[in-house]
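This report concerns only the one structure given below.
Each chain gets a letter, A, B and so on, in the order the sequences are listed, and its residues count up from 1.
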Amino acid sequence: MTTTDATTAAATTESVPTSQTLAADTRRNSHPLLRVRDLSVRFEPKMSPALTAVDKVSFDLLEGEFVGLIGESGSGKSTLAMALLSLLERPGRISNGSIEFDGEDIASMSQEDLRHRRWRDIATVFQSSMNSLNPVMRVEAQFRDAIEEHSELRGDAVTERVRELFSMVMIDEKFMSAYPHELSGGMKQRINLALALCNRPRFVLLDEPTTGLDVVVQRSILEAVRRLQKEQGFAVLFISHDIGTVMELSDRIFVMYAGQLVEQQAATTLVKDPLHPYSKGLLGSYSNPRADTVRVTYIPGRPPDLTRPISGCRFAARCPEAIERCSSDEPQLLPLAGGRVACHVAHLQRGPSEDKPDGLPEQTTRFAGPEFVKTAEDSDRARRGEVFLEVDSVTKVFERRRGLRKQQTLAVDDVSFALRKGEVTALVGQSGSGKTTLARMITGVDKPSSGTIRFTGSEGTIAVEKLRTRQLRDYRKHVQMVFQDPYSSLNPALTLRYTLTRPLRNHRGLSAQEADAVAGELMETVALTPSNRFLDRYPHELSGGQRQRVVIARALAANPELIVADEPISSLDVSIRAEVLELLQELVTGHDIGVLYITHDLLSARLLADEILVLSQGRVVEQGNALEVIRNPQDAYTRTLLDAIPNPFEQATTTS
Amino acid sequence: MRYFVRKIAFFLATLWAAITLNFIIPRLQPGDPAEVMVQKLAGKDAQLNPAAVQAMRAMLGAPDGNLFTQYVSYLGALAHGDFGISYTYYPYPVTEVIGQALPWTLVLVGVTQILAFVIGITLGAYAAWRRNTRFDSIVTLGSTFIGTLPSFWIALLLLFVFGYTVGWFPTSGGYSASTPGFNGPFITEAVSHSFLPALSLLITAPIGWILGMRNTMVMNLGEDYIRLAKAKGLPDRVVALRYAARNALLPSVTGFAIALGGVLGGSILVEQIYDYPGMGRLMGEAIGNRDFPLLQTLLLFIIVGVLLANLVADLLYGVLDPRARRAQS
Ligand SMILES: Nc1ncnc2c1ncn2[C@@H]1O[C@H](COP(=O)(O)OP(=O)(O)O)[C@@H](O)[C@H]1O
Ligand code: SF4
Ligand SMILES: [Mg+2]
């Protein structure tokens, strides 16, 4: 221990006890636990242009503090995390700045000295941590090596400690001898959390620790994080693009955009009065689901290309509040309203009035950009449409052979509902609840074990469950799927023109020229305008939201009457989700298409859907008008799902 | 457990199928299978050599009786290790001929395979750990280059330089004057005779392991669990061995077990070049002399070897990779 500060030295040798008092003490009278100055990280790959992924980032993090770091994907959060952990790998390197941990610069420390501080002082739970346990080692052994490396504990004492850690995250100790593949995703993440805490670290970095897990599981893990942090007093940097949870958990928030911190603010202040337009944009993606009218904003466009030099404010191209100065002068991260913000307009608005230039936009707390609005009237209108899809007592049993025995799984159990033209029905449930199986039966991919599915289209009524291969092909023209991941559902080697004209020629039998014209129209429909500028692009030249628009345009090419959208926004950043919802909404109202919206997220279901079906273990446990279901959930399971929706605004009003 | 039982059952079934095919194929033609076979091998117009027919019949079993009794007596003969008589080495039984050659090959090819594996894995793992350094480039480029050289050419070159030009090592055979057995002079001779063939094999054999291990391990090094192991502050040695190499080794181990199965087949080219008294040379002779009983038995040996090796590979994989046990059971 080479620290110069007597108080913290004492604190660490006592191995961080019941330390809320301690955290408060150190916060008052010592240097910050983590002091980062002008930190830049550059990637210099051999094959592609170099970029500065983290650009002159400076911040302090105090002992025992819980700080959230938010920003769209690609903004540099993970890169910053890797730099803080000194785990950057080529072609990435710290190109500038310092990282002081407890007064010592770890960016310039030798690897060997650093190694002894790892996991004792700084521990982490990774993003996509589904894979952060060694698949061929038993879980206990992966605790043991970390504990023995950094402490005096050996033998049974280690086992005892691991047992204690398991009970801390509420995992049965019998799983100590399990291999990672024997654990569920949620259990793995709890175990990763316990692993991070095994040597009582002072700082824990969490990089999207729950992304990809079911909302209910996410909730329980994050509650464990917060509880343990309160009990043990370690400092946390919590990275997530799920703004709602970050807001709820954190004391302070850092907002990152295009490699820079653009705002640092206490969480309660940020919720009420975000200063940076980008922060407003991120926050605008939340809305109270219980309100009659839900409105969420989205940030159009996409982040700048970091391989090119940028002059002025990096957010200017997407900023609704930009003024002239924004495109020429780079705003600095300067103190304002108890926090820090890098925005000309925010500073001018709150500065002395004589400095205010003409045309300075009005001070606002909402993002002044595009908005997605869904009113109760919209829903009422939709629910008067004409029924065109009737699912009646549909059941699906899967049989799996296990040796000589047959094992039966009831994937969908006696589900009935109707879908109207111009209506969106959401199927909500955790993974494994039967949503996708139901969708597969409706699209004719699977046959129901019993029950009927009637589709009434331009060619009369069809019994979907009885269709054969040839008829199925015709049927699928009327029914199109939009999948979760716009990145993998577009062929990266094909231009959008090709992607769009092929189904036009196949399904509608258009000539090349006609198809081209219609492709242009489709692009206009999904608001990729002017279409000429987009048609010759490749998927990688588009943002996530734009790609999902292309996927939708492709679905529209077949002139469908029903669109089945399976988690179409869950892989998108919150800042652009509303963009896709807006588009789907327009299709529904403008083209009289019915949409079956599949999701595990009740909040987004509320945003888009008129009718909600909550599925649990293959059964419909709740069904009805979307607003009613949200306001008056009858089933316990629906209430669990509802409770899992973070509501930062509600909390801000209750705690302040 | 289930996994292991399944794998063993599968092995037995394949083994039975191979043995049975060996019985059925010669009987698919009309007539006395032994005569037909010998006629085929000797050519249409050649005189039938009674000795050859006799040898063949000893192997195929008597043509009389119904197919079932033939099959039973065939299996019985196999069970007693009765594979017929080689007519290259007439009147020695095939088993005796093979019994003479087998130890030579087992030792030569077995030892070089094991050495090659150990060397290859170590170099590959180290190159991956130090990826993109000079060591890595030398190992990767070097082995890729050597891999492009024909192995018989390497063997001939070694034979020419060390056997004839410098004369350090004997150029043919497995021993010269000593009596085979467990005695000093014989072992010394056997080792010096084996040296050049072994070296010829050793130059090219590790290449596959080097490149395979390096590539798998480089991929594994990008995994989250490696990053986490580093974040845990474990020493490099532990990260490299227990986390990276342990996982990267899995595909190679199965590959290795299968490669060992090939040992029974010997190394035809090298054994012929050095006139080494092993299975490879025997195989060459059997083909050259159209010694059907010998050839057939050699093939059966090789098949059994490969099947056994596959079984071992599967069992080993089940032990090493906990995921395999569950995924397929
Ligand atoms: N290994 C790498 N090589 C080159 N560029 C990279 C590499 N890793 C990340 N980047 C780039 O760095 C930027 C920040 O990425 P990242 O830190 O992953 O953001 P976030 O975690 O906020 O989603 C992105 O532009 C990304 O393309
Ligand atoms: S500096 Fe200008 S462009 Fe940048 S965020 Fe502020 S107002 Fe928008
Ligand atoms: Mg990230």
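Within a 6.0 Å radius of OH in B/Y126, no more than 12 heavy atoms belonging to other residues, nucleotides or ligands are found. Counted within 6.0 Å of CZ on B/R134, heavy atoms from surrounding residues, nucleotides or ligands total 12 or fewer; the atom is thus considered open. Annotation for B/F135: atom CZ counts as buried by contact number, over 12 foreign heavy atoms lying within 6.0 Å.
Proximity to chain B (any heavy atom under 4.5 Å) is shown, for A/A123, by neither the backbone nor the side chain. Using a 4.5 Å cut-off between heavy atoms, A/Q142 touches chain B through backbone and side chain atoms alike. Heavy atoms closer than 4.5 Å to chain A are found nowhere in B/I226, neither backbone nor side chain. With a 4.5 Å cut-off on non-hydrogen atoms, B/N132 touches chain A through its backbone and its side chain both. In this structure, the portion of A/R90 lying under 4.5 Å from any heavy atom of chain B is its side chain and not its backbone. In this structure, chain B has a heavy atom under 4.5 Å from the side chain of A/L195, while its backbone stays farther away.
In plain terms, the two heavy atoms of A/H150 and B/K232 that are nearest each other are NE2-O, 2.6 Å. In terms of heavy atoms, B/P322 sits closest to A/P135 at CG-O, 3.5 Å. Contact detail for A/V136 and B/R323: the closest heavy-atom pair is CG1-NH2, 4.1 Å. Across B/D224 and A/S132, no two heavy atoms sit closer than the pair CB-CA, 3.8 Å.
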Original post:
When you look at A/M82 and B/R227, which way does the side chain to side chain contact (heavy atoms under 4.5 Å, CB included) test go after all the steps?
Top reply: CA-CA 10 Å; A/M82 284 300 135; B/R227 264 198 304 165; 2.6 Å; yes
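Once rounded to the nearest 0.5 Å, the distance linking NE2 of A/H181 with CG of B/D321 reads 8.0 Å. Taking CZ of A/R118 as the start and CG of B/L234 as the end, the distance is 10.0 Å to the nearest 0.5 Å.
Side chains of A/Q111 and B/K230 form no contact here, defined as non-hydrogen atoms less than 4.5 Å apart. Counting only heavy atoms from C-beta outward, the side chains of A/E149 and B/P235 approach each other to under 4.5 Å. With contacts defined as side-chain heavy-atom distances shorter than 4.5 Å, the pair B/L228/A/V125 does not qualify.
No other option in A/N199, A/N134, A/L85, A/L87 has as many heavy-atom pairs under 4.5 Å with chain B as A/N134.
Donor-acceptor pairing under 3.5 Å is recorded for the side chains of B/Y243 and A/D145.
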